[in-house]
Amino acid sequence: MSAEPRINDRIRVPEVRLVGPSGEQVGIVPLAKALELAQEYDLDLVEVAAQARPPVCKLMDYGKFKYESAMKAREARKNQAHTVIKEMKLRPKIDPHDYDTKKGHVVRFLKQGDKVKITIMFRGREQSRPELGFRLLQRLADDVADLGFIESNPKQDGRNMIMVLGPHKKKTEAMAEAREAQAARKAERQQDSAPAEELAEEQESAEQQEPAEA
């Protein structure tokens with residue numbers, strides 16, 4: 001069945017409970033009278049509560065209503081928070097510099113409200129030393145404990161060992177904080193540029209006031 005409400009001549013009931021353009025209660029009126037009022041206001045008669053007895057109808061610009069509803073739905077989808085699972089791969093004998101770099105990425109992902117799948121890749125004889133991977137994963141979890149928690153404990157998967165970290169902050173919170181930080185940076189840049197603009201105006205004013213040389 002169509003999700004569209006019945007409008008105007010598609011409404012097939014003897015009478016309706018009518019709501020005016022501004023939300024005012026008109027009362028129960030014959031359908032013919034409601035359609036006549038809709039024509040006078042140059043609006044549509046829209047059935048908004050078909051299950052009521054009698055059905056509730058409202059006078060409105062249905063085309064405008066549909067457009068605004070579509071825009072609100074689009075904005076809601078745009079702002080909807082989707083939790084993303086990022087992946088970071090490490091070797092069990094990773095050097096300190098690479099470890100710090102990888103940890104930095106994990107920190108950034110968690111701050112953004114995303115989950116992180118950490119994969120330790122074993123090669124050759126390293127497969128006989130799973131404790132190396134476990135210790136590395138535990139170390140990483142401890143280093144980012146203020147931002148995330150172990151959502152899935154380390155487990156062996158063939159030649160890999162996998163752990164999933166979850167963020168403490170929800171995605172919506174992380175997005176809101178990011179927007180606030182961006183707005184703050186923008187305001188700061190505007191404040192920094194203001195004194196320079198004022199100085200340039202003062203210099204220009206001073207130059208205009210200097211007497212011309214004979």
Side-chain angles (χ1 to χ4, degrees), residues 1-5 48-52 64-193:
M1 295 181 62
S2 173
E4 294 282 335
V48 295
Q51 303 303 318
K64 180 180 178 181
F65 171 77
K66 284 186 65 177
Y67 172 78
E68 291 177 348
S69 297
M71 292 300 293
K72 288 179 181 178
R74 179 181 177 184
E75 191 66 21
R77 288 194 299 271
K78 180 181 177 181
N79 294 329
Q80 188 175 6
H82 296 285
T83 300
V84 178
I85 298 181
K86 304 289 188 177
E87 184 172 11
M88 187 60 55
K89 296 181 178 180
L90 295 79
R91 295 293 308 281
K93 296 181 180 179
I94 188 171
D95 67 64
H97 176 73
D98 286 344
Y99 174 80
D100 289 339
T101 300
K102 300 279 188 178
K103 184 182 71 175
H105 292 312
V106 174
V107 166
R108 177 164 52 87
F109 295 148
L110 292 174
K111 283 184 176 180
Q112 292 172 351
D114 295 322
K115 297 182 181 181
V116 189
K117 175 184 175 183
I118 313 295
T119 302
I120 304 295
M121 302 178 296
F122 296 97
R123 295 180 182 175
R125 296 181 180 178
E126 292 175 346
Q127 296 180 60
S128 62
R129 300 287 305 280
E131 69 277 6
L132 295 177
F134 181 84
R135 284 201 296 265
L136 181 58
L137 291 175
Q138 191 60 56
R139 173 189 173 191
L140 181 58
D142 291 341
D143 287 347
V144 298
D146 57 332
L147 298 172
F149 61 95
I150 299 177
E151 185 173 287
S152 178
N153 289 315
K155 63 180 180 180
Q156 196 76 26
D157 182 17
R159 292 189 297 177
N160 299 328
M161 183 175 287
I162 297 172
M163 177 183 72
V164 177
L165 295 174
H168 289 314
K169 291 181 181 178
K170 294 181 179 179
K171 185 71 172 179
T172 50
E173 295 175 357
M175 291 173 63
E177 288 185 0
R179 286 194 293 267
E180 291 176 1
Q182 184 178 11
R185 289 194 298 270
K186 183 177 179 181
E188 187 177 349
R189 287 197 299 270
Q190 290 175 345
Q191 290 178 353
D192 291 342
S193 63

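Residue indices begin at 1 and follow the sequence shown.
Atom-to-atom distance recorded for Ile150:CD1 and Ile118:CD1 is 10.5 Å, nearest 0.5 angstrom. Of the inter-residue distances, the one linking Phe109 atom CZ with Leu147 atom CG reads 13.0 Å to the nearest 0.5 angstrom. In this structure, CG on Asp142 lies 11.0 Å from CG on Leu137, to the nearest 0.5 angstrom. With rounding to the nearest 0.5 Å, the separation of CG in Asp114 from CZ in Arg108 is 9.5 Å. Between atom NZ of residue Lys115 and atom CG of residue Leu165 there is a gap of 11.0 Å, rounded to the nearest 0.5 Å. From Met161, atom CE reaches atom CD of Gln127 across 11.0 Å, with rounding to the nearest 0.5 Å.
Under the 4.5 Å side-chain criterion, counting only non-hydrogen atoms from C-beta, Glu126 is not in contact with Leu132. Residues Leu90 and Thr119 fail the side-chain proximity criterion, which asks for heavy atoms closer than 4.5 Å.
The number of heavy atoms from other shown groups lying within 6.0 Å of CZ (Arg159) does not exceed 12. Enclosure of atom CZ in Phe65 is not indicated, since only 12 or fewer non-hydrogen atoms of other residues, nucleotides or ligands lie within 6.0 angstrom. Within a 6.0 Å sphere centred on NZ of Lys103, other residues, nucleotides and ligands contribute more than 12 heavy atoms.
Side-chain atoms of His105 never come within 3.5 Å of backbone atoms of Glu87 as a donor-acceptor pair (strictly under, hydrogens ignored). Side-chain N or O atoms of Lys102 include one that pairs as donor or acceptor with a backbone N or O of Lys89 at under 3.5 Å.
In terms of heavy atoms, His97 sits closest to Asp95 at N-OD1, 3.0 Å. Nearest heavy-atom pair across Tyr99 and Leu140 is OH-CA, 3.3 Å. Scanning all heavy atoms of the two residues, the minimum distance from Ser152 to Met163 falls at O-CG, 3.3 Å. The two atoms that bring Met121 and Asn160 nearest to each other are CA-OD1, 3.5 Å, heavy atoms only. The minimum heavy-atom distance between Gly133 and Phe122, with the atom names listed, is CA-CZ, 3.8 Å. Summarising the geometry of Pro130 relative to Gln156, their closest heavy-atom pair is CB-OE1, 3.9 Å, with the distance given to 0.1 Å.
A salt bridge links Arg129 with Glu131: at least one charged nitrogen is closer than 4.0 Å to a carboxylate oxygen.
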